[in-house]
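Counting starts at 1 for both ligands and their atoms, following the listed order.
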Amino acid sequence: MKPRIFLSYVHMGGSERQWVEEAFRSEWIVPLGPNVDEFERRLESYLGASHVVALSAGTAAIHLGLVGAGVGAGDEVVCQSFTFAASANPIMYQGAQPIFVDSEPDTWNMSPELLVRAIEDRHRVTGKYPKAIIPVHLYGMPAKIAEITEIAEHYGIAVVEDAAEALGSELNGRKCGLFGEYGCLSFNGNKIITTSGGGALICRTAEEAERTKFYATQARENRPYYYHNVIGYNYRLSNVCAGIGCGQMDVLADHVERRRHNHAFYTEALKNIPGVEVQQNGQPGSDSNFWLSTILIDPATGKEPEALRQWMAAENIETRRLWRPMHMQPVYAEAPYYGDGVCERLFERGLCLPSGSNLTDDDLARVVETLTDFFKQ
Ligand SMILES: *Cc1c(COP(=O)(O)O)cnc(C)c1O
């Protein structure tokens with residue numbers, strides 16, 4: 001059996017261990033400390049952001065973004081349907097109602113037209129506008145975020161931008177995560193960089209960053225005894241994990257470059273297979289990190305993504321189906337949905353290819369060859 005090729009795998013740079021050892025040497029083995037501060041500074045400098053708060057997960061970042069936006073019980077929150085459940089679940093944590101919106105075909109992300117339709121219709125039905133909007137830069141692809149933030153501003157709705165997969169992606173020279181009131185990052189094991197598990201919330205002001213830290217440390221008031229006015233969470237990143245993050249920042253730019261290289265390789269190598277299309281930047285000024293390279297298979301080929309996935313698996317190559325939309329999940333069956341079939345078709349037709357930053361060109365060639373064989377049979 002040939003060695004396994006993973007979809008997206010941990011890729012250490014080398015300096016991570018020193019930061020972690022420093023945490024041990026200085027006995028900063030707690031959910032704050034010098035590595036956390038340094039990791040936040042490095043993220044701020046990379047992103048061009050003024051305030052980044054390191055957290056225990058990307059999901060925690062989305063949750064605290066919603067808390068910061070004032071989302072509570074009885075509110076409605078519009079969320080992209082075509083995403084991972086972690087984008088939507090924090091809406092439920094807050095006792096709010098998710099309203100799902102379809103994607104548009106250019107970027108596969110939230111359709112600005114359907115967003116307007118959803119906002120207007122919710123106002124008609126409930127007499128209120130939604131409290132927040134969660135667009136996602138899925139697979140690293142920048143969403144039509146300029147249109148979305150303009151719509152949000154028009155209605156006075158906060159944008160909590162899910163950039164968990166889009167660290168390093170840019171639209172018109174501006175990094176994803178900087179467009180909304182809050183931007184959310186993830187450092188889970190298979191993301192662009194990892195802290196084993198972790199996330200961050202990008203805030204616009206020092207006050208919002210301070211409030212985020214306050215909520216992330218059990219909402220403990222500044223008194224000599226434990227005193228709480230509001231419900232808090234235990235969401236800060238450990239100083240040990242932040243050390244991994246500090247080291248990963250040394251190689252972040254390389255990782256992004258390498259993933260873009262994977263994408264360019266697939267684009268070139270697969271262009272002669274009829275009915276197979278590698279996803280490309282979906283709007284002018286878009287520069288995706290191509291966290292995952294994805295393909296769509298034309299139904300005219302008579303081939304199904306699931307059959308291809310199994311074919312690749314038989315050759316020890318891991319691929320993955322596209323996200324199954326949230327409005328198609330049993331747990332969200334009751335949530336209102338505004339769509340016209342785009343993300344359902346993507347789910348039926350698409351597949352994610354191995355995209356890790358540690359893949360060699362030989363690995364990529366093996367993926368291409370195996371995939372090409374599938375379409376020949
Ligand atoms: C990974 C991911 C998250 C959640 O991040 P965690 O760090 O795993 O909690 C949220 N949204 C999207 C789109 C993701 O891919």
Under 3.5 Å side-chain donor-acceptor pair for Gln279 and Tyr266: no
Residues Glu76 and Lys131 bridged, charged N to O under 4.0 Å: no
Polar side-chain atom of Glu44 near backbone of Ala49 as donor-acceptor pair, under 3.5 Å: no
Please give the N or O to N or O pairs under 3.5 Å between ligand 1 and the protein, distances rounded to 0.1 Å.
unit_1, atom_1, unit_2, atom_2, d
ligand 1, 5 (O), Ser186, OG, 3.2
ligand 1, 7 (O), Gly58, N, 2.8
ligand 1, 7 (O), Ser186, OG, 2.7
ligand 1, 8 (O), Asn188, ND2, 2.7
ligand 1, 9 (O), Gly58, N, 3.3
ligand 1, 9 (O), Thr59, N, 2.9
ligand 1, 9 (O), Thr59, OG1, 2.5
ligand 1, 11 (N), Asp162, OD1, 3.4
ligand 1, 11 (N), Asp162, OD2, 2.8
ligand 1, 15 (O), Glu165, OE2, 2.5
ligand 1, 15 (O), Lys191, NZ, 3.2

Polar side chain donor-acceptor pair, Asp250 to Ser15, under 3.5 angstrom: yes
Stepwise ring pair (Phe, Tyr, Trp, His ring centres under 6.0 Å) test for Tyr233 and His63: CA-CA 10 Å; Tyr233 309 90; His63 190 186; 4.6 Å; yes
Cation-pi check, Arg349 onto Phe347 ring (under 6.0 Å, within 45° of axis): no
